[in-house]
Amino acid sequence: MNITKANGKAEYDLIDTLKKRASETDSSIIESVTNIINEVKSRGDEAVREFTAKFDGAVPENMVITNDELQGYVDMVDESFKNAVINAKENIYKFHQRQAQQSWLTTESNGVIMGQRVRGLKRVGIYVPGGTAAYPSSVLMNAIPAKIAGVEEIIMVTPPAKNGKPNPDIMAAAAIAGVDKVYLVGGAQAVAALAYGTESIPKVDKIVGPGNIFVATAKKLLYGVVDIDMVAGPSEILIVADDTAKPSFLAADLMSQAEHDKLASSILLTTSADIASKTAEEIDRQLAYLERKDIIEESLNNFGEIIVCENLQQAIDFANELAPEHLELCIKEPFKYIGMLDNAGSVFLGNYSPEPLGDYYAGPNHVLPTSGTARFFSPLSVDSFIKKSSFIYYTEAELSKAKDDIIKLADTEGLTAHANSIKVRFE
(Lines give C-alpha, C1' and ligand atoms only; values in the text may rest on other atoms or scores of the structure.)
Protein backbone atom coordinates (compact mmCIF):
# COMPACT_ATOMS: atom_id res chain seq x y z
CA MET A 1 0.00 0.00 0.00
CA ASN A 2 1.09 3.55 -0.69
CA ILE A 3 2.28 5.49 2.37
CA THR A 4 1.91 9.28 2.32
CA LYS A 5 2.36 12.05 4.87
CA ALA A 6 -0.66 14.20 5.67
CA ASN A 7 -0.13 17.75 4.47
CA GLY A 8 -3.65 19.13 4.29
CA LYS A 9 -3.93 18.35 0.56
CA ALA A 10 -2.81 14.82 -0.30
CA GLU A 11 -5.24 13.15 2.10
CA TYR A 12 -8.17 15.26 0.91
CA ASP A 13 -7.36 14.55 -2.75
CA LEU A 14 -7.95 10.93 -1.81
CA ILE A 15 -11.58 11.75 -0.93
CA ASP A 16 -12.14 13.04 -4.47
CA THR A 17 -10.70 9.80 -5.85
CA LEU A 18 -13.02 7.72 -3.70
CA LYS A 19 -16.07 9.75 -4.72
CA LYS A 20 -15.47 8.81 -8.35
CA ARG A 21 -16.15 5.16 -7.47
CA ALA A 22 -19.81 6.05 -6.90
CA SER A 23 -20.18 7.93 -10.17
CA GLU A 24 -23.31 7.92 -12.31
CA THR A 25 -24.59 4.51 -13.40
CA ASP A 26 -23.80 3.55 -16.98
CA SER A 27 -26.67 4.53 -19.29
CA SER A 28 -26.79 1.05 -20.83
CA ILE A 29 -27.44 -0.47 -17.40
CA ILE A 30 -30.22 2.05 -16.71
CA GLU A 31 -31.79 1.23 -20.08
CA SER A 32 -31.58 -2.52 -19.45
CA VAL A 33 -33.04 -2.25 -15.94
CA THR A 34 -35.81 0.10 -17.10
CA ASN A 35 -36.82 -2.48 -19.72
CA ILE A 36 -36.92 -5.25 -17.10
CA ILE A 37 -39.03 -3.10 -14.77
CA ASN A 38 -41.52 -2.25 -17.52
CA GLU A 39 -41.81 -5.87 -18.63
CA VAL A 40 -42.45 -7.11 -15.10
CA LYS A 41 -44.94 -4.32 -14.47
CA SER A 42 -46.96 -5.20 -17.58
CA ARG A 43 -46.54 -9.00 -17.79
CA GLY A 44 -46.01 -10.05 -14.18
CA ASP A 45 -44.95 -13.65 -13.50
CA GLU A 46 -44.44 -14.42 -17.19
CA ALA A 47 -41.72 -11.75 -17.44
CA VAL A 48 -40.18 -12.76 -14.10
CA ARG A 49 -39.81 -16.35 -15.32
CA GLU A 50 -38.31 -15.26 -18.66
CA PHE A 51 -35.67 -13.10 -16.98
CA THR A 52 -34.95 -15.79 -14.39
CA ALA A 53 -34.27 -18.31 -17.16
CA LYS A 54 -32.13 -15.78 -19.03
CA PHE A 55 -29.99 -14.55 -16.12
CA ASP A 56 -29.99 -17.45 -13.63
CA GLY A 57 -30.07 -20.35 -16.06
CA ALA A 58 -32.99 -22.21 -14.50
CA VAL A 59 -36.56 -21.53 -13.41
CA PRO A 60 -37.53 -23.45 -10.25
CA GLU A 61 -40.59 -25.67 -10.57
CA ASN A 62 -41.94 -23.97 -7.49
CA MET A 63 -40.69 -20.42 -7.03
CA VAL A 64 -42.11 -20.01 -3.51
CA ILE A 65 -40.87 -21.53 -0.26
CA THR A 66 -43.29 -21.23 2.65
CA ASN A 67 -42.32 -20.72 6.28
CA ASP A 68 -43.05 -24.38 7.05
CA GLU A 69 -40.71 -25.47 4.25
CA LEU A 70 -38.07 -23.02 5.45
CA GLN A 71 -37.90 -24.71 8.85
CA GLY A 72 -36.72 -27.91 7.17
CA TYR A 73 -33.51 -26.22 6.06
CA VAL A 74 -32.47 -25.52 9.65
CA ASP A 75 -31.69 -29.21 10.16
CA MET A 76 -29.98 -29.52 6.77
CA VAL A 77 -27.09 -27.16 7.48
CA ASP A 78 -23.89 -27.66 9.44
CA GLU A 79 -24.60 -27.73 13.20
CA SER A 80 -21.86 -25.22 14.08
CA PHE A 81 -23.17 -22.82 11.42
CA LYS A 82 -26.71 -23.16 12.77
CA ASN A 83 -25.52 -22.43 16.32
CA ALA A 84 -23.50 -19.42 15.12
CA VAL A 85 -26.58 -18.00 13.39
CA ILE A 86 -28.73 -18.53 16.47
CA ASN A 87 -26.16 -16.84 18.72
CA ALA A 88 -25.79 -13.92 16.31
CA LYS A 89 -29.58 -13.59 16.12
CA GLU A 90 -29.79 -13.22 19.91
CA ASN A 91 -27.20 -10.41 19.92
CA ILE A 92 -28.79 -8.60 16.97
CA TYR A 93 -32.26 -8.89 18.52
CA LYS A 94 -31.08 -7.59 21.90
CA PHE A 95 -29.42 -4.53 20.34
CA HIS A 96 -32.30 -3.62 18.04
CA GLN A 97 -34.96 -4.17 20.70
CA ARG A 98 -33.62 -1.03 22.42
CA GLN A 99 -34.56 0.98 19.31
CA ALA A 100 -38.28 0.19 19.42
CA GLN A 101 -40.54 3.25 19.71
CA GLN A 102 -43.92 3.55 21.38
CA SER A 103 -47.00 5.50 20.38
CA TRP A 104 -47.79 8.41 22.68
CA LEU A 105 -50.32 11.15 23.40
CA THR A 106 -50.54 14.22 25.58
CA THR A 107 -53.66 15.59 27.20
CA GLU A 108 -53.69 19.26 28.14
CA SER A 109 -55.80 20.74 30.93
CA ASN A 110 -57.79 22.71 28.31
CA GLY A 111 -59.01 19.47 26.66
CA VAL A 112 -56.58 19.50 23.71
CA ILE A 113 -55.21 16.04 22.85
CA MET A 114 -52.26 15.42 20.55
CA GLY A 115 -50.07 12.46 19.89
CA GLN A 116 -48.26 10.11 17.57
CA ARG A 117 -49.13 6.61 16.47
CA VAL A 118 -46.22 4.29 15.64
CA ARG A 119 -46.68 0.98 13.82
CA GLY A 120 -44.75 -1.37 11.59
CA LEU A 121 -45.08 -1.45 7.82
CA LYS A 122 -47.53 -4.03 6.50
CA ARG A 123 -45.19 -5.94 4.17
CA VAL A 124 -41.43 -5.65 3.54
CA GLY A 125 -39.27 -7.29 0.86
CA ILE A 126 -35.70 -8.40 1.58
CA TYR A 127 -33.29 -8.93 -1.30
CA VAL A 128 -30.54 -11.48 -0.61
CA PRO A 129 -27.85 -12.33 -3.19
CA GLY A 130 -27.59 -16.06 -3.82
CA GLY A 131 -24.53 -16.56 -6.00
CA THR A 132 -20.89 -16.24 -4.98
CA ALA A 133 -21.87 -13.34 -2.71
CA ALA A 134 -24.37 -15.28 -0.59
CA TYR A 135 -24.47 -13.70 2.84
CA PRO A 136 -26.69 -15.34 5.51
CA SER A 137 -25.68 -12.54 7.90
CA SER A 138 -27.55 -10.04 5.70
CA VAL A 139 -30.74 -12.03 6.22
CA LEU A 140 -30.43 -11.55 9.98
CA MET A 141 -29.55 -7.86 9.76
CA ASN A 142 -32.53 -7.06 7.54
CA ALA A 143 -35.21 -9.34 8.96
CA ILE A 144 -34.67 -8.97 12.71
CA PRO A 145 -35.27 -5.20 13.00
CA ALA A 146 -38.31 -5.60 10.73
CA LYS A 147 -39.74 -8.22 13.10
CA ILE A 148 -39.13 -5.98 16.12
CA ALA A 149 -40.79 -3.06 14.31
CA GLY A 150 -43.96 -5.13 13.95
CA VAL A 151 -43.90 -5.70 10.19
CA GLU A 152 -46.82 -7.99 9.42
CA GLU A 153 -45.16 -9.99 6.63
CA ILE A 154 -41.52 -10.34 5.58
CA ILE A 155 -40.98 -11.55 2.01
CA MET A 156 -37.50 -12.57 0.89
CA VAL A 157 -36.31 -12.88 -2.70
CA THR A 158 -33.08 -14.63 -3.65
CA PRO A 159 -31.89 -16.00 -7.00
CA PRO A 160 -31.84 -19.78 -7.47
CA ALA A 161 -28.65 -21.67 -8.29
CA LYS A 162 -28.12 -22.99 -11.81
CA ASN A 163 -29.97 -26.16 -10.79
CA GLY A 164 -32.97 -24.12 -9.68
CA LYS A 165 -32.34 -24.85 -5.98
CA PRO A 166 -31.92 -22.28 -3.19
CA ASN A 167 -28.80 -21.77 -1.06
CA PRO A 168 -29.45 -23.90 2.08
CA ASP A 169 -27.46 -21.58 4.40
CA ILE A 170 -29.56 -18.59 3.34
CA MET A 171 -32.77 -20.59 3.77
CA ALA A 172 -31.75 -21.67 7.27
CA ALA A 173 -30.89 -18.08 8.23
CA ALA A 174 -34.27 -16.95 6.87
CA ALA A 175 -36.08 -19.52 9.02
CA ILE A 176 -34.15 -18.52 12.15
CA ALA A 177 -34.66 -14.79 11.49
CA GLY A 178 -38.43 -15.17 11.07
CA VAL A 179 -38.90 -14.61 7.33
CA ASP A 180 -42.45 -15.53 6.34
CA LYS A 181 -41.99 -16.56 2.71
CA VAL A 182 -39.17 -16.84 0.14
CA TYR A 183 -39.38 -16.45 -3.64
CA LEU A 184 -36.58 -17.92 -5.75
CA VAL A 185 -36.04 -14.97 -8.05
CA GLY A 186 -33.25 -12.43 -8.20
CA GLY A 187 -31.94 -9.44 -10.11
CA ALA A 188 -33.84 -6.36 -11.22
CA GLN A 189 -36.85 -8.54 -12.01
CA ALA A 190 -37.17 -9.48 -8.33
CA VAL A 191 -37.04 -5.83 -7.27
CA ALA A 192 -39.68 -4.91 -9.86
CA ALA A 193 -41.92 -7.80 -8.77
CA LEU A 194 -41.75 -6.65 -5.15
CA ALA A 195 -42.44 -3.04 -6.11
CA TYR A 196 -45.49 -3.68 -8.33
CA GLY A 197 -46.61 -7.14 -7.30
CA THR A 198 -47.31 -10.02 -9.71
CA GLU A 199 -49.79 -12.89 -9.80
CA SER A 200 -47.72 -14.80 -7.25
CA ILE A 201 -45.37 -12.27 -5.64
CA PRO A 202 -47.09 -9.75 -3.36
CA LYS A 203 -46.46 -6.01 -3.53
CA VAL A 204 -44.41 -4.68 -0.62
CA ASP A 205 -44.09 -1.30 1.08
CA LYS A 206 -40.30 -1.28 1.30
CA ILE A 207 -37.36 -3.15 -0.24
CA VAL A 208 -34.11 -3.63 1.68
CA GLY A 209 -30.94 -5.63 1.18
CA PRO A 210 -27.75 -5.64 -0.92
CA GLY A 211 -27.35 -6.59 -4.57
CA ASN A 212 -25.30 -6.06 -7.71
CA ILE A 213 -25.42 -2.95 -9.90
CA PHE A 214 -28.65 -4.12 -11.59
CA VAL A 215 -30.38 -4.62 -8.25
CA ALA A 216 -29.10 -1.29 -6.92
CA THR A 217 -30.22 0.50 -10.10
CA ALA A 218 -33.68 -1.07 -9.93
CA LYS A 219 -34.09 0.03 -6.32
CA LYS A 220 -33.01 3.55 -7.24
CA LEU A 221 -35.40 3.75 -10.21
CA LEU A 222 -38.33 2.37 -8.22
CA TYR A 223 -37.89 4.61 -5.18
CA GLY A 224 -41.19 6.44 -4.84
CA VAL A 225 -43.19 3.48 -6.14
CA VAL A 226 -41.81 1.71 -3.07
CA ASP A 227 -39.53 2.78 -0.24
CA ILE A 228 -35.94 1.46 -0.12
CA ASP A 229 -33.24 1.30 2.54
CA MET A 230 -30.43 3.04 0.62
CA VAL A 231 -28.43 2.87 -2.59
CA ALA A 232 -25.24 1.28 -1.31
CA GLY A 233 -21.84 1.98 -2.83
CA PRO A 234 -18.60 -0.04 -2.51
CA SER A 235 -17.59 -1.11 0.98
CA GLU A 236 -15.08 1.00 2.94
CA ILE A 237 -13.08 1.07 6.15
CA LEU A 238 -11.07 3.84 7.78
CA ILE A 239 -8.77 2.96 10.69
CA VAL A 240 -7.27 5.53 13.05
CA ALA A 241 -4.25 4.12 14.89
CA ASP A 242 -1.60 5.40 17.28
CA ASP A 243 1.68 3.79 18.36
CA THR A 244 -0.14 1.31 20.64
CA ALA A 245 -1.83 -0.43 17.69
CA LYS A 246 -0.74 -3.82 16.38
CA PRO A 247 0.32 -3.80 12.70
CA SER A 248 -0.84 -7.39 12.20
CA PHE A 249 -4.34 -6.43 13.39
CA LEU A 250 -4.42 -3.32 11.22
CA ALA A 251 -3.34 -5.20 8.10
CA ALA A 252 -5.93 -7.91 8.65
CA ASP A 253 -8.73 -5.38 9.17
CA LEU A 254 -7.82 -3.36 6.07
CA MET A 255 -7.89 -6.51 3.95
CA SER A 256 -11.17 -7.70 5.46
CA GLN A 257 -12.86 -4.87 3.57
CA ALA A 258 -10.67 -5.01 0.48
CA GLU A 259 -11.79 -8.59 -0.20
CA HIS A 260 -15.40 -7.47 -0.72
CA ASP A 261 -14.86 -5.77 -4.04
CA LYS A 262 -12.18 -4.35 -6.33
CA LEU A 263 -13.77 -0.95 -5.69
CA ALA A 264 -13.65 -1.29 -1.89
CA SER A 265 -11.65 1.32 0.00
CA SER A 266 -9.28 0.61 2.93
CA ILE A 267 -7.48 3.53 4.56
CA LEU A 268 -5.21 3.71 7.60
CA LEU A 269 -4.51 6.98 9.39
CA THR A 270 -1.73 6.68 11.93
CA THR A 271 0.39 9.02 14.03
CA SER A 272 3.32 6.59 13.81
CA ALA A 273 5.56 6.23 10.76
CA ASP A 274 6.81 2.94 12.27
CA ILE A 275 3.27 1.55 12.50
CA ALA A 276 2.66 2.65 8.89
CA SER A 277 5.65 0.77 7.47
CA LYS A 278 5.09 -2.34 9.60
CA THR A 279 1.43 -2.49 8.58
CA ALA A 280 2.43 -2.37 4.90
CA GLU A 281 4.84 -5.26 5.54
CA GLU A 282 2.10 -7.21 7.32
CA ILE A 283 -0.23 -6.77 4.37
CA ASP A 284 2.33 -8.35 2.06
CA ARG A 285 2.87 -11.23 4.50
CA GLN A 286 -0.80 -12.00 5.16
CA LEU A 287 -1.94 -11.47 1.59
CA ALA A 288 -0.04 -14.57 0.46
CA TYR A 289 -2.43 -16.99 2.18
CA LEU A 290 -5.80 -15.29 1.60
CA GLU A 291 -8.24 -16.80 -0.93
CA ARG A 292 -9.38 -13.52 -2.49
CA LYS A 293 -5.83 -12.29 -2.97
CA ASP A 294 -6.35 -10.82 -6.45
CA ILE A 295 -9.39 -8.78 -5.41
CA ILE A 296 -7.63 -7.52 -2.27
CA GLU A 297 -4.52 -6.55 -4.22
CA GLU A 298 -6.43 -4.56 -6.83
CA SER A 299 -8.58 -2.87 -4.21
CA LEU A 300 -5.58 -1.80 -2.10
CA ASN A 301 -3.60 -0.64 -5.13
CA ASN A 302 -6.41 1.56 -6.45
CA PHE A 303 -8.31 2.69 -3.37
CA GLY A 304 -6.09 1.88 -0.40
CA GLU A 305 -3.79 4.30 1.41
CA ILE A 306 -1.72 4.60 4.57
CA ILE A 307 -1.48 8.19 5.74
CA VAL A 308 0.87 9.37 8.49
CA CYS A 309 -0.74 12.17 10.49
CA GLU A 310 0.86 14.71 12.81
CA ASN A 311 -1.61 13.99 15.61
CA LEU A 312 -4.90 12.24 16.37
CA GLN A 313 -6.94 15.40 15.97
CA GLN A 314 -5.80 15.67 12.36
CA ALA A 315 -6.91 12.06 11.83
CA ILE A 316 -10.30 12.69 13.47
CA ASP A 317 -10.88 15.76 11.29
CA PHE A 318 -10.16 13.69 8.18
CA ALA A 319 -12.47 10.90 9.38
CA ASN A 320 -15.35 13.35 9.78
CA GLU A 321 -14.75 14.67 6.28
CA LEU A 322 -14.60 11.21 4.70
CA ALA A 323 -17.66 9.94 6.66
CA PRO A 324 -16.70 6.26 6.27
CA GLU A 325 -18.98 3.25 6.40
CA HIS A 326 -16.77 1.56 9.03
CA LEU A 327 -14.44 3.45 11.38
CA GLU A 328 -12.02 1.70 13.71
CA LEU A 329 -10.24 3.51 16.55
CA CYS A 330 -7.18 1.39 17.34
CA ILE A 331 -5.78 3.84 19.87
CA LYS A 332 -4.92 3.89 23.58
CA GLU A 333 -8.00 5.83 24.71
CA PRO A 334 -10.75 5.30 22.10
CA PHE A 335 -13.61 6.48 24.33
CA LYS A 336 -11.90 9.84 24.70
CA TYR A 337 -12.53 10.56 21.01
CA ILE A 338 -15.88 8.93 20.29
CA GLY A 339 -17.76 12.15 21.04
CA MET A 340 -15.75 13.92 18.33
CA LEU A 341 -16.76 11.47 15.59
CA ASP A 342 -19.78 13.01 13.87
CA ASN A 343 -19.78 11.17 10.54
CA ALA A 344 -19.46 7.37 10.48
CA GLY A 345 -21.77 4.46 9.81
CA SER A 346 -20.46 2.29 12.64
CA VAL A 347 -17.55 2.87 15.03
CA PHE A 348 -15.34 0.09 16.43
CA LEU A 349 -13.41 0.92 19.60
CA GLY A 350 -10.08 -0.64 20.54
CA ASN A 351 -7.83 -3.39 19.22
CA TYR A 352 -10.29 -6.18 19.98
CA SER A 353 -13.36 -4.74 18.24
CA PRO A 354 -12.59 -5.47 14.58
CA GLU A 355 -15.06 -4.67 11.82
CA PRO A 356 -16.09 -8.33 11.19
CA LEU A 357 -17.39 -8.41 14.79
CA GLY A 358 -20.02 -5.91 13.66
CA ASP A 359 -20.59 -7.63 10.32
CA TYR A 360 -21.68 -10.86 11.91
CA TYR A 361 -22.22 -10.95 15.60
CA ALA A 362 -22.08 -8.07 18.08
CA GLY A 363 -25.59 -6.72 17.47
CA PRO A 364 -25.48 -3.32 15.70
CA ASN A 365 -26.66 -3.45 12.10
CA HIS A 366 -24.16 -3.98 9.30
CA VAL A 367 -26.32 -2.26 6.66
CA LEU A 368 -24.55 1.09 6.72
CA PRO A 369 -24.33 4.31 4.69
CA THR A 370 -21.43 4.40 2.20
CA SER A 371 -19.73 6.91 -0.12
CA GLY A 372 -19.78 9.73 2.43
CA THR A 373 -23.53 9.50 3.03
CA ALA A 374 -22.93 8.89 6.74
CA ARG A 375 -22.99 12.69 6.91
CA PHE A 376 -26.79 12.48 6.69
CA PHE A 377 -27.85 8.80 6.62
CA SER A 378 -28.03 6.30 9.49
CA PRO A 379 -27.60 2.52 9.68
CA LEU A 380 -30.59 0.27 9.01
CA SER A 381 -32.62 0.03 12.22
CA VAL A 382 -36.06 -0.65 13.66
CA ASP A 383 -36.90 2.93 12.62
CA SER A 384 -36.42 1.86 8.99
CA PHE A 385 -39.49 -0.39 9.22
CA ILE A 386 -42.02 1.84 10.97
CA LYS A 387 -44.29 4.67 9.97
CA LYS A 388 -45.74 7.40 12.15
CA SER A 389 -49.00 9.33 12.10
CA SER A 390 -49.79 12.33 14.27
CA PHE A 391 -53.25 13.14 15.61
CA ILE A 392 -54.90 16.30 16.97
CA TYR A 393 -58.06 16.95 18.94
CA TYR A 394 -59.22 20.52 19.77
CA THR A 395 -62.38 21.60 21.57
CA GLU A 396 -64.55 24.38 20.15
CA ALA A 397 -63.33 26.75 22.86
CA GLU A 398 -59.64 26.13 22.12
CA LEU A 399 -60.10 26.45 18.35
CA SER A 400 -61.86 29.76 19.01
CA LYS A 401 -58.79 31.03 20.85
CA ALA A 402 -56.51 30.05 17.95
CA LYS A 403 -58.76 31.03 15.03
CA ASP A 404 -57.51 34.59 14.48
CA ASP A 405 -53.87 33.48 14.28
CA ILE A 406 -54.72 30.65 11.87
CA ILE A 407 -56.83 32.91 9.64
CA LYS A 408 -54.05 35.51 9.58
CA LEU A 409 -51.42 32.95 8.56
CA ALA A 410 -53.69 31.45 5.87
CA ASP A 411 -54.58 34.87 4.42
CA THR A 412 -50.91 35.87 4.37
CA GLU A 413 -50.16 32.79 2.28
CA GLY A 414 -53.08 33.55 -0.04
CA LEU A 415 -54.88 30.34 0.90
CA THR A 416 -58.35 31.75 1.52
CA ALA A 417 -60.04 28.36 1.53
CA HIS A 418 -57.85 27.42 4.47
CA ALA A 419 -58.97 30.57 6.27
CA ASN A 420 -62.58 29.87 5.36
CA SER A 421 -62.38 26.38 6.90
CA ILE A 422 -61.79 28.11 10.24
CA LYS A 423 -64.21 31.01 9.72
CA VAL A 424 -67.28 28.89 8.92
CA ARG A 425 -67.10 27.24 12.33
CA PHE A 426 -67.72 30.56 14.08
CA GLU A 427 -70.22 32.34 11.80
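Between His326 and Phe348, the ring-plane angle classifies as tilted under the 30° and 60° cut-offs.
Contact check for Lys89 versus Ile86: no side-chain heavy atoms found under the 4.5 Å cut-off. Under the 4.5 Å side-chain criterion, counting only non-hydrogen atoms from C-beta, Val48 is in contact with Met63. With contacts defined as side-chain heavy-atom distances shorter than 4.5 Å, the pair Asp274/Asp243 does not qualify. At least one side-chain heavy atom of Tyr337 sits less than 4.5 Å from a side-chain heavy atom of Ile331. Inter-residue side-chain proximity for Leu222 and Ile228 is flagged as unmet; no heavy-atom pair is nearer than 4.5 Å. Looking at heavy atoms from C-beta onward, Glu305 lies out of side-chain contact with Leu268 at the 4.5 angstrom threshold. Within the 4.5 Å cutoff, the side chain of Thr158 has heavy atoms near those of the Met156 side chain. Contact check for Ile267 versus Ile237: no side-chain heavy atoms found under the 4.5 Å cut-off.
For the residue pair Gln99 / Asp383, no side-chain donor-acceptor distance below 3.5 Å is found, with atom types taken as modelled. The closest side-chain donor-acceptor pair between Glu297 and Asn301, if any, does not fall under 3.5 angstrom. Side-chain contact, Gln286 with Glu282: a donor N or O sits under 3.5 Å from an acceptor N or O. A donor atom on one side chain and an acceptor atom on the other are not found under 3.5 Å apart for Ser103 and Gln116. When only modelled atom types and interatomic distance are considered, Thr66 and Glu69 share a side-chain donor-acceptor pair under 3.5 Å. For the residue pair Gln257 / Glu355, a side-chain donor-acceptor distance below 3.5 Å is found, with atom types taken as modelled. Remark: the Ser390 side chain and the Arg117 side chain contain no N/O donor-acceptor pair separated by less than 3.5 Å.
With hydrogens and angles ignored, the 3.5 Å screen pairs a side-chain donor or acceptor of Ser266 with a backbone N or O of Leu254. Counting only distance, with no hydrogens or angles, the side chain of Thr373 and the backbone of Pro369 share no donor-acceptor pair below 3.5 Å. Put simply, the side chain of Ser32 never gets that close to the backbone of Ile29: no donor and acceptor are under 3.5 Å apart. Counting only distance, with no hydrogens or angles, the side chain of Ser353 and the backbone of Leu349 share a donor-acceptor pair below 3.5 Å. Side-chain atoms of Asp56 do not come within 3.5 Å of backbone N or O of Ala161 as any donor-acceptor pair. At least one donor-acceptor pair closer than 3.5 Å links the side chain of Glu236 to the backbone N or O of Ser371. In this structure a side-chain-to-backbone donor-acceptor pair under 3.5 Å is missing from Asp261 to Ala264. Distance alone, capped at 3.5 Å, places no donor-acceptor pair between the Glu31 side chain and the Ser27 backbone. In this structure a side-chain-to-backbone donor-acceptor pair under 3.5 Å is missing from Asp342 to Asn320.
Using a 4.0 Å cut-off between a side-chain N of Lys or Arg and a carboxylate O of Asp or Glu, Arg43 and Glu50 qualify as a salt bridge. A salt bridge does not link Arg49 to Asp45: none of the charged nitrogens lies less than 4.0 Å from a carboxylate oxygen.
If you take CD1 on Ile338 and CG on Leu329, they are separated by 7.5 Å, rounding to the nearest 0.5 Å. Distance check: Tyr393 OH to Met114 CE gives 13.0 Å after rounding to the nearest 0.5 Å. Remark: Asp359 CG to Tyr135 OH distance equals 9.5 Å, nearest 0.5 Å. Within the model, atoms CD1 of Ile283 and CG of Leu250 stand 9.0 Å from one another, a figure rounded to the nearest 0.5 Å. With rounding to the nearest 0.5 angstrom, the OG1 atom of Thr198 is 4.0 Å from the CD1 atom of Ile201. Going from atom CG of Leu14 over to atom OG of Ser265 covers 6.5 Å, rounded to the nearest 0.5 Å.
Phe318 and Tyr12 have their aromatic ring centers within a separation under 6.0 angstrom.
Listed here is the closest heavy atom pair of Lys122 and Asp205: N-OD2, 3.2 Å. Looking at every heavy atom in both residues, Val308 comes nearest to Ser272 through CG1-C, 4.5 Å. When every heavy atom of Ala276 is checked against every heavy atom of Thr270, the shortest pair comes out as CB-CG2, 3.9 Å. In terms of heavy-atom proximity, Leu380 sits nearest to Asn365 at O-CB, 3.2 Å. Here the shortest heavy-atom pairing between Ile92 and Tyr360 reads CD1-O, 4.3 Å. Contact record, Asn351 with Lys246: OD1-N, 4.4 Å, taken as the closest heavy-atom pair.
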### Task
Give the C-alpha distance, both sets of side-chain angles, the deciding distance and a yes or no for side-chain contact (heavy atoms from CB on, under 4.5 Å) between Met171 and Met76.
CA-CA 10 Å; Met171 294 300 105; Met76 290 173 53; over 6 Å; no

### Task
Kindly determine whether Ser384 and Lys206 satisfy side-chain contact (heavy atoms from CB on, under 4.5 Å), including the steps that lead there.
CA-CA 9 Å; Ser384 305; Lys206 183 164 188 166; 3.8 Å; yes

### Task
Check step by step if side-chain contact (heavy atoms from CB on, under 4.5 Å) holds for Ile126 and Ile155.
CA-CA 6 Å; Ile126 298 176; Ile155 302 296; over 6 Å; no

### Task
For Lys219 and Asp229, run salt bridge (Lys or Arg N to Asp or Glu O under 4.0 Å): C-alpha distance rounded to whole Å, both residues' side-chain angles, the deciding distance at 0.1 Å, then the answer.
CA-CA 9 Å; Lys219 286 170 67 177; Asp229 47 357; 2.7 Å; yes

### Query
Does the side-chain contact (heavy atoms from CB on, under 4.5 Å) test come out yes or no for Phe51 and Ile36, once each step is laid out?
CA-CA 8 Å; Phe51 289 122; Ile36 292 170; 3.8 Å; yes

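With sequence neighbours left out, the salt bridge (Lys or Arg N to Asp or Glu O under 4.0 Å) criterion links Glu79 to Lys82.
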Residues 177-187 side chain polar contacts: donor-acceptor under 3.5 Å, at least two apart:
unit_1: Asp180; atom_1: OD2; unit_2: Ile154; atom_2: N; d: 2.7
unit_1: Tyr183; atom_1: OH; unit_2: Ser200; atom_2: O; d: 2.9

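Note on residues 138-154: pairs passing side chain to side chain donor-acceptor pair (under 3.5 Å), not counting sequence neighbours, are Arg123-Glu153, Ser138-His366.
Residue-environment remark: CD (Glu61) stays at or below the threshold of 12 foreign heavy atoms within 6.0 Å. Counted within 6.0 Å of CZ on Phe81, heavy atoms from surrounding residues, nucleotides or ligands total more than 12; the atom is thus considered enclosed. Phe335 CZ: 12 or fewer foreign heavy atoms inside a 6.0 Å radius.
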